[in-house]
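Reading through the structure tokens given below for one structure.
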Amino acid sequence: MDVPFLNLQDVNARYADELKVAAARVIDSGWYVLGEELAAFEHEFADYCGVRHAVGVGNGLDALSLILRGYKELGAIEEGDEVIVPGNTFIASFLAITENRLVPVPVEPDPVTFNMDPAGVAAAIGPRTRAIMAVHLYGKLADMSALAALARRHNLLLIEDAAQAHGAISDGRKAGAFGDAAAFSFFPAKNLGALGDGGAVVTGNTMLAERIAALRNYGSAVKYQHLYRGLNSRLDEIQAAMLRVKLKYLDADIAWRRRVARRYREGIRHPQIRLPIVVREEQHVWHLFVIRCPRRDALQRHLQAHGVQSQVHYPVPPHRQLAYAVLRNAHLPLTERLHDEVLSLPMGPTLSDDAVERVIEACQAFECSS
Ligand SMILES: *Cc1c(COP(=O)(O)O)cnc(C)c1O
């Protein structure tokens with residue numbers, strides 16, 4: 001049998017009994033949207049992140065988008081303003097910006113960490129810049145102290161796309177607690193995954209949290225009174241109940257991911273494979289274990305032939321997508337090279353030691369010249 005990239009059936013089977021009890025509780029309650037499960041999860045997740053407020057929404061893209069929308073309602077951002085964003089990110093980071101009629105300004109990553117390069121961000125700040133959107137790509141925290149210093153100096157908002165980084169820590173602070181606001185995704189494959197779509201905004205800003213709580217519910221805080229032209233993007237009671245179960249095990253899952261990553265980093269020694277670099281273990285929650293290889297496609301075929309599944313995150317950067325033809329001329333050579341070289345190895349909280357060993361052996365057997 002192949003080593004799967006990620007087996008969600010195994011991931012959730014571990015808690016199946018608890019999940020079923022929680023689902024039954026919601027089914028029997030007769031209350032399915034904006035109820036006690038959501039309120040409890042928002043409380044528990046805010047606590048987990050060490051941030052005052054969490055607002056559950058429909059998915060991670062909406063969480064990001066609603067942060068920007070909330071700041072528009074607060075008068076901190078206007079249409080046409082610029083948001084600095086990593087060129088090498090999942091397209092949702094860009095979509096949230098353009099959905100709000102703001103302008104994404106993509107910057108090149110740090111060549112070692114793949115994360116936002118503060119020097120590149122500083123160079124991209126202009127008169128219309130209002131926000132920096134940091135992405136904790138692959139589960140590794142961006143350089144938040146440098147980015148926070150820049151944001152302070154230039155009076156910019158600092159927003160975290162923490163969709164891949166639940167639980168990552170730096171200086172005792174967790175992902176979501178560094179910026180003015182942060183977006184999380186609970187898509188099933190994320191480190192904290194629901195059994196369907198889900199997302200949350202966390203923020204210490206009470207006014208922003210109130211705006212977003214209204215915006216997700218037709219722009220209404222009191223039934224049939226509409227302060228804003230909102231949308232419908234809520235975290236269902238049943239998903240909140242699933243997430244309350246899974247949140248309890250998140251730290252144990254992260255510990256297992258770190259163990260897998262440690263074994264990969266000790267076991268894979270190949271002249272054509274570059275391993276991810278980690279300075280402090282706690283800063284990385286290994287949503288993805290991403291290696292670089294100049295002959296990436298050949299390596300992926302080789303792994304497949306040896307029964308090891310792998311994926312590419314991501315094959316085409318946003319500025320090279322048809323949807324962003326307007327950014328076609330952006331000069332991002334490093335971003336483009338990364339997209340040609342990256343490969344994600346199997347990673348997850350249920351990946352067995354034997355499976356990890358098979359992945360390492362398959363990597364080591366990759367011929368240098370074939
Ligand atoms: C998954 C992801 C999103 C979007 O989350 P959804 O819940 O799928 O909408 C946004 N940004 C990043 C970096 C992601 O990995």
Side-chain angles (χ1 to χ4, degrees), residues 5-6 8 11 41 45 54-69 83-100 102 104 106-107 109 113-116 131-142 144 147 158-168 175-176 178-179 181-202 212 216 231-236 239-240 242-243 246 257 284-290 311-319 321 323-324 335 338-339 342 344 347-348:
F5 180 73
L6 171 69
L8 283 178
V11 167
F41 173 70
F45 191 63
V55 183
V57 298
N59 54 69
L61 170 58
D62 283 356
L64 274 174
S65 182
L66 282 166
I67 290 170
L68 294 169
R69 179 70 197 280
V83 179
I84 298 174
V85 64
N88 60 321
T89 181
F90 181 54
I91 197 160
S93 320
F94 278 60
L95 292 171
I97 297 169
T98 52
E99 201 170 277
N100 281 286
L102 302 166
V107 293
T113 64
F114 306 167
N115 262 338
M116 232 172 179
I132 300 169
M133 184 182 288
V135 182
H136 306 307
L137 198 65
Y138 307 147
K140 183 175 193 297
L141 289 175
M144 294 312 286
L147 294 175
L158 180 57
I159 296 163
E160 299 173 68
D161 178 344
Q164 303 187 352
H166 325 66
F178 297 95
F184 286 90
S185 164
F186 306 124
F187 180 74
K190 305 289 183 182
N191 284 21
L192 178 60
L195 275 65
D197 277 311
V201 173
V202 306
I212 292 172
R216 73 173 169 185
L231 53 150
N232 177 351
S233 181
R234 304 173 297 211
L235 183 63
D236 290 335
Q239 297 305 344
M242 300 296 100
L243 289 164
K246 293 185 71 180
R257 288 172 181 274
H284 206 326
V285 291
W286 301 103
H287 173 57
L288 298 170
F289 189 93
V290 179
Q311 292 187 12
V312 175
H313 298 93
Y314 300 89
V316 181
H319 75 283
Q321 300 283 354
Y324 285 110
T335 295
L338 277 179
H339 283 73
V342 290
S344 307
M347 172 54 81

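None of these values were measured; they are calculated from a predicted model. Every number for a ligand or one of its atoms is a count from 1 in the order of the listing.
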Can you sort out the partners of His313 under side chain to side chain donor-acceptor pair (under 3.5 Å), two or more places apart, ordered by chain and number?
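Counting only residues at least two positions away or on another chain, His313 forms a side chain to side chain donor-acceptor pair (under 3.5 Å) with Gln311, Ser344.
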
Gln164: what forms a side chain to side chain donor-acceptor pair (under 3.5 Å) with it, not counting sequence neighbours?
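Residues passing side chain to side chain donor-acceptor pair (under 3.5 Å) with Gln164: Tyr314.
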
Has the side chain of His136 got a donor or acceptor atom that lies under 3.5 Å from a matching backbone atom of Ala142?
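Indeed, once roles are kept as given, a pair shorter than 3.5 Å links the two residues.
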
List in chain and number order the residues that pass ring-ring contact (aromatic ring centres under 6.0 Å, His included) with Phe187, two or more places apart in sequence or in another chain; answer none if no residue qualifies.
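Partners of Phe187 under the ring-ring contact (aromatic ring centres under 6.0 Å, His included) test: none.
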
What are the distances between nitrogen or oxygen atoms of ligand 1 and protein nitrogen or oxygen atoms, counting only those under 3.5 Å?
{"residue": "ligand 1", "atom": "5 (O)", "partner": "Ser185", "partner atom": "OG", "Å": "3.3"}
{"residue": "ligand 1", "atom": "7 (O)", "partner": "Gly60", "partner atom": "N", "Å": "2.7"}
{"residue": "ligand 1", "atom": "7 (O)", "partner": "Ser185", "partner atom": "OG", "Å": "2.6"}
{"residue": "ligand 1", "atom": "9 (O)", "partner": "Gly60", "partner atom": "N", "Å": "3.3"}
{"residue": "ligand 1", "atom": "9 (O)", "partner": "Leu61", "partner atom": "N", "Å": "2.9"}
{"residue": "ligand 1", "atom": "11 (N)", "partner": "Asp161", "partner atom": "OD1", "Å": "3.2"}
{"residue": "ligand 1", "atom": "11 (N)", "partner": "Asp161", "partner atom": "OD2", "Å": "2.7"}
{"residue": "ligand 1", "atom": "15 (O)", "partner": "Gln164", "partner atom": "NE2", "Å": "2.8"}
{"residue": "ligand 1", "atom": "15 (O)", "partner": "Lys190", "partner atom": "NZ", "Å": "2.7"}

Between Ser233 and Asn59, do the side chains contain a donor N or O and an acceptor N or O under 3.5 Å apart?
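Their side chains do not contain a donor-acceptor pair, so the 3.5 Å distance test is not met.
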
Any heavy-atom pair between the side chains of Leu243 and Leu235 that's under 4.5 Å?
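A side-chain contact under 4.5 Å exists here.
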
